[in-house]
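Just the heavy atoms: all of them, side chains too, but no hydrogens, waters or symmetry mates, feed the values below. From a predicted model like this one, the values you see are computed outputs, not experimental measurements.
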Amino acid sequence: MTAFLTLLQDHWAWLVFAALLGIAEVLMPGVFLIWVAIAAALTGLVALALPIGLPAQLLLFAALSVLAVYAGRRWYVDNPVASADPLLNDRTARLIGQTVTVVEPISGGEGRVRVGDSVWSATGPDAPVGNRVRIIGVEGTVLKVESA
């Protein structure tokens, strides 16, 4: 591969590198390589337009990569991708609204409840074992409950 790239003029090597990064982004989508590919393409275009040496090209590529990734991140923050399931990776938020059973009495505001096949710490009004409570919030790994 390096022998092939040494046969190419600098600007063509950058443009080939940009194309390879673009292909890698398509094959392994992660919305990151595309920004580096843009930086490589811009570096190739600058190398085509201006007679700059390899060290300057590498510095330009590094600077453009940082700027492109920053710009891409800002764009995605300003234009979030809508999800069909926004709580997909937030298990505790998915629990809010569920009714669960108290397995250790909630006394003094603290106890434990059964959620599915696991037991979670809970805070809320006093409740005896077997009582049904509703999850109204989460603080860390502690569920906030109220009487159901």
With side chain to side chain donor-acceptor pair (under 3.5 Å) as the test, would you mind laying out the steps for Ser121 and Arg112 before giving the verdict? CA-CA 4 Å; Ser121 295; Arg112 296 180 63 78; 3.0 Å; yes
Would you check, one step at a time, whether the test side chain to side chain contact (heavy atoms under 4.5 Å, CB included) holds for Glu139 with Lys144? CA-CA 7 Å; Glu139 189 172 301; Lys144 295 180 181 181; 3.3 Å; yes
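Note that CG of Leu42 is 5.5 Å distant from CG of Leu64, once rounded to the nearest 0.5 Å.
Annotation for Ala37 and Gly22: closest pair CB-N, 3.9 Å, computed over non-hydrogen atoms. Listed here is the closest heavy atom pair of Ala40 and Phe17: CB-CD2, 3.7 Å. When all heavy atoms of Arg94 and Gln98 are compared, the pair lying nearest together is O-NE2, 3.7 Å. The two atoms that bring Ala41 and Leu15 nearest to each other are O-CD2, 3.7 Å, heavy atoms only. When all heavy atoms of Arg132 and Thr101 are compared, the closest pair comes out as NH1-OG1, 2.7 Å.
Ser65 meets the side-chain hydrogen bond (donor to acceptor under 3.5 Å, both in side chains) test with no other residue; sequence neighbours excluded.
In the hydrophobic clustering of this structure, Tyr76 does not group with Leu67; members are Ile, Leu, Val, Met, Phe, Trp, Tyr whose side-chain heavy atoms approach within less than 4.5 Å, directly or through other members. In this structure, Met28 is a member of the same hydrophobic cluster as Phe32, with clusters built from ILVMFWY side-chain heavy atoms closer than 4.5 Å. Under the 4.5 Å side-chain heavy-atom criterion for Ile, Leu, Val, Met, Phe, Trp and Tyr, Leu21 and Trp75 are members of the same hydrophobic cluster.
Dense packing is recorded around CD of Glu146, with more than 12 heavy atoms of other residues, nucleotides or ligands lying under 6.0 Å away.
Grouping Ile, Leu, Val, Met, Phe, Trp and Tyr by side-chain contacts under 4.5 Å, direct or through others, puts Ile135 with Leu95, Ile96, Val100, Val102, Ile106, Val113, Val115, Trp120, Val133, Val138, Leu143, Val145.
Proximity of Val36 to Phe61: side-chain heavy atoms (C-beta onward) are separated by under 4.5 Å at one or more points.
When atom types are taken as modelled, the side chain of Glu25 and the backbone of Leu33 share a donor-acceptor pair closer than 3.5 angstrom.
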What donor-acceptor contacts under 3.5 angstrom involve side-chain atoms of residues 50-59, with partners at least two apart or in another chain?
from	atom 1	to	atom 2	distance (Å)
Gln57	OE1	Trp14	NE1	2.6
Gln57	NE2	Asp10	OD2	3.1
Gln57	NE2	Ile52	O	2.9

